[in-house]
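As structure tokens, the structure follows; a few thoughts come after it.
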Amino acid sequence: MIISWNTTQACNINCIHCYRDAGTKRSDELNTQEGKNLLTQIARAGFKIMILSGGEPLLRPDIYELISHAKSCGMRPVIGTNGTLITKEAAVNLKAAGLAVAGISIDSLDQSTHDHFRGCSGAWEQTLSGIESCREAGLPFQIHTTVTSYNEQEITEITDRAVKLGAIAHHIFFLVPTGRGKDIEDTSLKTAQYEALLEHILDKQSQVPIELKPTCAPQFMRIATQRGMKTRFTKGCLAGTSYCVILPNGDVQPCPYLPIAVGNVRKMDFDDIWQQSTLFNELRNQPLKGGCANCGYDQVCGGCRARAYYYADGDYMAEEPWCAYGR
């Protein structure tokens, strides 16, 4: 089981797709002790992989303490970062704290395109410097890329660059219109583009030595199953079933892109929220609707619940809008 904690709303750059609409720190963010209590409860609930993200997690002065505590609880701590703040000292400190992997964002091989997407001139160079700092410190890292029509033609080229840089994986995030991502909804891949890129990514997997993981595109599991491909993954969309997210103020959501709070860890222990949430139990036990109910791959795919929510007027059990299979 895997979980994310958006540790802060603060960020040093202004990405045009940011699902958290990050920038300024919230006044009600969980403090260090609250964060450590949360991590203890998350481990108690059975989660094994702890993603510390943001905003930009490296803007939290206590991030090393939180990483260390997550590891002491028996979890595998990783971070999701834009990479611009990973100095040589930071990389050494992250590894010493027990960080397993740094997930670092690269959205284009063209510097100006990447900087535009990240809303920050110079972000490309700073990110590459952060990657080099990880390499020198011996800290494993993987590359994260958000797909839009801006960069869909270069996704597998970014994979090749990730291999050359020494990354252990390339995780490819398909845009879901939440936060500032709503402003660029028209750049999200629709049905034919969506399917074609997933096919292309799975073709590429057989050509490279690192893991490729489409995210917020659960149909990759249906395609892999149809091809007889073996993966370490068991299902495409994990929202509310074996994954959820905690926001900076302690609100719990099924995923970062499905903006429905099911509880708050200041009012109720996380492990109790995880077990008792009506919405979570609906996602775990109720049948999906439309094409997602008819395709025969609902148990390995599940359709993107956040995309269904956005395009079906809040119905998170509706069919995945950009998948034509099963209709």
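- A side-chain donor-acceptor contact under 3.5 Å links His170 and Thr159.
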Evaluation steps, salt bridge (Lys or Arg N to Asp or Glu O under 4.0 Å), between Asp298 and Lys289 = CA-CA 10 Å; Asp298 54 311; Lys289 299 178 182 178; over 6 Å; no
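- Outside the 6.0 Å centre-distance limit, the rings of Phe173 and Tyr19 are not counted as a close aromatic pair.
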Arg222 vs Glu195, salt bridge (Lys or Arg N to Asp or Glu O under 4.0 Å): CA-CA, chis, key distance, verdict = CA-CA 11 Å; Arg222 184 252 303 162; Glu195 186 90 1; 2.8 Å; yes
Going through the checks in order, is the side-chain contact (heavy atoms from CB on, under 4.5 Å) test met by Ile143 and Ile131?
-> CA-CA 9 Å; Ile143 300 302; Ile131 288 171; 3.8 Å; yes
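- Between Arg180 and Ile16, the closest side-chain pair of non-hydrogen atoms is not below 4.5 Å.
- Remark: of the listed residues Val245, Thr178, Leu247, Val245 is the sole one forming a side-chain contact (heavy atoms from CB on, under 4.5 Å) with Pro256.
- Side-chain contact between Gln275 and Phe280: absent, with no pair of heavy atoms (C-beta onward) separated by less than 4.5 Å.
- A salt bridge (Lys or Arg N to Asp or Glu O under 4.0 Å) check over residues 83-102, counting only residues at least two apart or in different chains, returns the pairs Lys88-Glu136.
- Evaluation of the side chain to side chain donor-acceptor pair (under 3.5 Å) rule for Arg161 yields no partner, not counting sequence neighbours.
- The ring-ring contact (aromatic ring centres under 6.0 Å, His included) analysis of residues 83-108, with sequence neighbours excluded, yields no pairs.
- Judged purely by atom type and a 3.5 angstrom limit, Glu154 uses its side chain to pair as donor or acceptor with the backbone of Leu109.
- Within 6.0 Å of atom NZ in Lys71, 12 or fewer heavy atoms from other residues, nucleotides or ligands are found, so the atom counts as exposed in its surroundings.
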So Lys204 and Asp160, salt bridge (Lys or Arg N to Asp or Glu O under 4.0 Å) or not? Walk me through it.
-> CA-CA 10 Å; Lys204 189 67 173 179; Asp160 290 334; 2.8 Å; yes
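- Contact of the Leu279 side chain with the Pro254 side chain is registered, since non-hydrogen atoms from C-beta on lie closer than 4.5 Å.
- No donor-acceptor distance shorter than 3.5 angstrom exists from the side chain of Arg26 to the backbone of Thr24, with no hydrogens or angles considered.
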Pair Arg135-Glu132, salt bridge (Lys or Arg N to Asp or Glu O under 4.0 Å): steps then yes or no = CA-CA 5 Å; Arg135 284 167 53 97; Glu132 183 58 29; 3.3 Å; yes
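- Side-chain contact, Glu29 with Asn249: no donor N or O sits under 3.5 Å from an acceptor N or O.
- Remark: the backbone N or O of Thr7 is paired with a side-chain donor or acceptor of Arg60 at under 3.5 angstrom.
- Residues Ser188 and Tyr194 bring no donor and acceptor atom of their side chains to less than 3.5 Å of each other.
- Of the possible donor and acceptor atoms, none in the side chain of Ser68 sits under 3.5 Å from a partner among the backbone N and O of Glu65.
- Between Trp322 and Phe174, the distance from one ring center to the other does not fall under 6.0 angstrom.
- With hydrogens and angles ignored, the 3.5 Å screen pairs no side-chain donor or acceptor of Thr81 with any backbone N or O of Ile104.
- Using a 4.5 Å heavy-atom threshold, the side chains of Asp110 and Trp124 count as separate.
- Under the 30°/60° scheme for interplanar angles, the aromatic rings of His17 and Phe117 are found to lie parallel.
- Looking only at distances, no side-chain donor or acceptor of Glu185 sits under 3.5 Å from a matching main-chain atom of Pro177.
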